[in-house]
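Below you'll find the structure, written out as structure tokens, and then a few comments.
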Amino acid sequence: MKPPSKSDAVRIVEVSPRDGLQNIPHKIPTSTKVELISRLSRTGVHSVELTSIVAPRAVPQLADCREVLGSETVRNLQRRGLGDDEVRRGREDEGLLRLPVLVPNVKGLEIALAHGAREVAVFVSATEGFSRANINCSVDEGLERAVEVARIAKENGIAVRGYISSIFTDPITNSPTPFSSVHKCTATLLDAGIYEVSLGDTTGTGTPSLVRSLLTYLTTHEAPVPVSKLAGHFHDSHGRGLKNVWEAYLCGVRVFDSSVAGLGGCPFAPGAKGNVATEEVVGMFEGRGVKTGVDARVLAEVAKWVRGEVLEEGELEVEREKEKEPEDGTSRSGLGHGLANLNTNGPLSRPSRSPVRSRISTNWTACGFVRPVVYD
Ligand code: HMG
Ligand code: MG
């Protein structure tokens, strides 16, 4: 194998304070969220998504976004974080943290600005069903909103990241997503000055071969998307998240979203479970000689701490049992979990049985008409 070079390194976008917590039904105290952000900021990840500013009725867990953003800890981090100014002054390589806040519309952006945000993330769906369920509008209307947010954000010197959900399957209709729709969304967001588009496999239905096909489609299209502008956001509902991350890496993607302890899911996407776990992503890359900049030991401490804070007693019991008896005879703690454990060409593995991912129930009542799609 050739020795790793700087361009082989990956950036980790830690999404647990937003994606990781948004679907947890019991209330997590604001102080725990702030503490999580603070601990994550010391792990060496490149970016920590702080929270979302969305309709509180849609995502009650993150209704305290103003308190999180207004806390002294987060304010201090924001002041030292990476904003558009620092990017312009070429300070991107100084290890400054990016601290995006997820917003669906201009109202969210205005609240983010009033609370010192230096970066926001907008989100659209590549499919109609999920767009309606998640943000109550069509794909085109979602794109218009995102473009408008990006325009105003840029006028205010705020960096903008973008997400496209449902890149492989619509979580509502369970129908496959046309790659052309993912391309259209990606191109529209990049044209609006969004610095990076994260491709969201919302319900983890992707496979390595789908990942390769989509990335090939996007980067060889007649209006090609530069792979350097893409990030991977893989949910691990079926235990293929890590394989999909690795395949995207082989296709040239160098930025990956992940969530410590594999927390995560979307209240509006039946079947959306945890994001791929940061400690597993870091363990896999470092085990293959690919630099992440993350201190795996500090990260492992955060993972242990956050499980104790956000899991309920029954879930913790299962987690402790699992630590004693790894189901495949290997540790999934992240430390030493290398690619040797992955058979990227082999048959698709069974859905992950991690209690963190499978036990966080989806808030179906918030979805109204939406009924669970059973994948497992
Ligand atoms: P709507 O009902 O069509 O909009 O919701 P509205 O303008 O009529 O507003 C309804 C209420 O929300 C009003 O309050 C607004 O003021 C308020 P009321 O008058 O009823 O008291 N409101 C807001 N409040 C706070 N912040 C805001 C905001 N906007 C309106 N920004 C809307 C449309 C988009 C607001 C709603 O559908 C919504 O908030 N959806 C968010 C859903 C969400 O957060 N989903 C999870 C995140 S996305 C995800 O997880 C996927 C991702 O991880 C990638 C992947 O995995 O694929 C990113
Ligand atoms: Mg997500």
Side-chain angles (χ1 to χ4, degrees), residues 13-24 49 51-66 69 100-115 117 120-127 129-138 141-142 144-146 148-149 152-153 161-172 177 182 185-186 189 194 196-206 231-237 241 244 256-259 262-277 357 360 362-363 366-368 370:
V13 177
E14 171 63 44
V15 295
S16 59
R18 194 277 301 172
D19 208 344
L21 300 184
Q22 69 186 8
N23 206 30
I24 294 182
E49 195 168 70
T51 185
S52 65
I53 307 176
V54 299
R57 259 182 292 174
V59 183
Q61 181 62 260
L62 301 184
D64 62 353
C65 53
R66 290 178 180 78
L69 295 174
V101 177
L102 192 81
V103 298
N105 52 19
V106 172
K107 176 170 180 156
L109 171 66
E110 283 167 353
I111 297 169
L113 282 170
H115 287 80
V120 292
V122 293
F123 54 108
V124 299
S125 165
T127 59
F130 186 60
S131 187
R132 286 266 165 227
N134 199 34
I135 51 174
N136 196 24
C137 65
S138 69
E141 287 163 342
E144 276 166 31
R145 280 185 200 171
E148 178 69 352
V149 170
I152 301 172
R161 191 169 196 255
Y163 285 103
I164 298 170
S165 292
S166 318
I167 56 167
F168 296 125
T169 311
D170 181 78
I172 309 303
T177 305
V182 182
C185 294
T186 309
L189 296 186
I194 286 168
E196 175 176 284
V197 170
S198 184
L199 300 172
D201 183 10
T202 315
T203 42
T205 56
H233 180 102
F234 294 102
H235 282 263
D236 198 22
S237 316
N244 292 339
F256 293 98
D257 303 352
S258 59
S259 174
L263 299 174
C266 176
F268 303 96
K273 290 180 187 166
N275 289 92
V276 72
R357 288 169 218 146
I360 292 171
T362 294
N363 179 6
C367 310
V370 176

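These numbers come from the heavy atoms of this one structure, side chains and all, not from hydrogens, waters or symmetry mates. Counting convention: from 1, in listed order, for ligands and their atoms alike. These numbers come from a predicted model, not from an experiment.
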Check whether any side-chain N or O of Asp170 sits under 3.5 Å from a backbone N or O of Phe130 as a donor-acceptor pair, and report yes or no.
yes
Is there a heavy atom in Asp19 that sits closer than 4.0 Å to ligand 1?
yes
Any non-hydrogen protein atom below 4.0 Å of atom 8 (O) of ligand 1?
no
Under 3.5 Å: donor-acceptor pair, side chain of Arg145, backbone of Cys137:
no
If we only count N/O pairs under 3.5 Å, is Val59 in contact with ligand 1?
no
Only to 10 degrees, please: what angle do the NE2 atom of His235 and the NE2 atom of His233 make about the Mg ion (ligand 2)?
90°
Of the non-hydrogen atoms in Glu14 and Ser16, which two are nearest, and what is the gap between them?
OE2-OG, 2.5 Å
Strictly less than 4.0 Å: does any protein heavy-atom distance to atom 19 (O) of ligand 1 fall in that range?
no
Below 3.5 angstrom, do we get any N/O pair linking Arg57 and ligand 1?
yes
Ligand 1 to His233, heavy atom cutoff 4.0 Å, flagged ligand atoms 53 (O), 54 (C), 55 (C), 56 (O)
When you measure from atom 40 (N) of ligand 1 to every protein heavy atom, which one gives the shortest distance, and what is it?
Asn134 O, 3.0 Å
Please report the shortest heavy-atom distance between Ile194 and Gly162, naming the atom on each side.
CG2-N, 3.4 Å
closest protein heavy atom to atom 50 (O) of ligand 1 is Gln22 NE2, 2.8 Å
At a non-hydrogen distance cut-off of under 4.0 Å, which region of Arg18 contacts ligand 1 (side chain, backbone, both, or neither)?
side chain
Using side-chain heavy atoms (C-beta onward) and a distance below 4.5 Å, is Arg161 in contact with Val13?
yes
Could you identify the N, O or S atom of Asp19 positioned closest to the Mg ion (ligand 2)?
OD2
Would you say the side-chain atoms of Thr202 pair up with the backbone N or O of Ser166, donor to acceptor, closer than 3.5 Å?
yes
Is there a side-chain contact between Ser259 and Asp19, using heavy atoms and a 4.5 Å cut-off?
no
For atom 3 (O) of ligand 1, is the nearest protein heavy atom closer than 4.0 Å?
yes
Within the structure provided, determine whether Leu62 and Leu102 are in side-chain contact (heavy-atom separation under 4.5 Å).
no
Among all protein heavy atoms, pick the one closest to atom 16 (O) of ligand 1 and tell me residue, atom and distance.
Lys107 NZ, 2.9 Å
Under-4.0 Å heavy-atom contact between protein and atom 30 (C) of ligand 1:
yes
Any N/O pair Asp201/ligand 1 closer than 3.5 Å:
no
Among all protein non-hydrogen atoms, which one is nearest to atom 39 (O) of ligand 1, and what is the separation to 0.1 Å?
Ala55 N, 2.9 Å
Please write down residue, atom name and distance for the protein heavy atom closest to atom 51 (C) of ligand 1.
Ser165 OG, 3.5 Å
Close-contact set for ligand 1 against Gly108 heavy atoms, below 4.0 Å
31 (N)
Return yes when Leu102 approaches ligand 1 closer than 4.0 angstrom through a heavy atom, no otherwise.
yes
Could you grab the distance from atom CZ of Arg132 to atom OG of Ser125, nearest 0.5 Å is fine?
11.0 Å
Closest non-hydrogen atom pair, Leu189 against Ala146
CD2-CB, 3.8 Å
Pairs of nitrogen or oxygen atoms closer than 3.5 Å, one from Pro56 and one from ligand 1: do any exist?
no
re atom 57 (O) of ligand 1, the protein heavy-atom contact at minimum distance is Thr202 OG1, 2.6 Å
Taking both backbone and side-chain atoms of His235, is any N or O found less than 3.5 Å from an N or O belonging to ligand 1?
yes
Numbered atoms of ligand 1 (with element) below 4.0 Å of Phe123, judged on heavy atoms:
48 (S)
Is the closest protein non-hydrogen atom to atom 47 (C) of ligand 1 under 4.0 Å?
yes
Run the side chain to side chain contact (heavy atoms under 4.5 Å, CB included) test on Gln61 and Asn23 for me, step by step, so that the C-alpha distance in whole Å, both residues' side-chain angles and the decisive distance to 0.1 Å come before the verdict.
CA-CA 7 Å; Gln61 181 62 260; Asn23 206 30; over 6 Å; no
Is there a polar contact, in the sense of an N or O pair closer than 3.5 Å, between Arg145 and ligand 1?
no
Just need the protein heavy atom nearest to atom 33 (C) of ligand 1, so name the residue and atom and give the distance.
Ile135 O, 3.8 Å
Is the shortest side-chain heavy-atom distance between Thr127 and Ile172 below 4.5 Å?
no
Could you pull out the closest heavy-atom pair between Ile164 and Cys185, with the gap in Å?
CD1-CB, 3.5 Å
Any idea which protein heavy atom is nearest atom 1 (P) of ligand 1, and the distance to it?
Asn136 ND2, 3.7 Å
Pairing of Asp257 and Arg18 as salt bridge, 4.0 angstrom limit
no
Looking at Thr203 and Pro171, would you say the former's side chain and the latter's main chain have a donor-acceptor pair under 3.5 Å?
no
Going by distance only, is there an N or O of Tyr163 that falls short of 3.5 Å from an N or O of ligand 1?
no
About how many Å separate OG of Ser198 and CD1 of Ile167, when rounded to the nearest 0.5 Å?
8.5 Å
Using a strict cut-off of 4.0 Å, indicate which atoms of ligand 1 neighbour a heavy atom of Ile53.
26 (N), 27 (C), 31 (N)
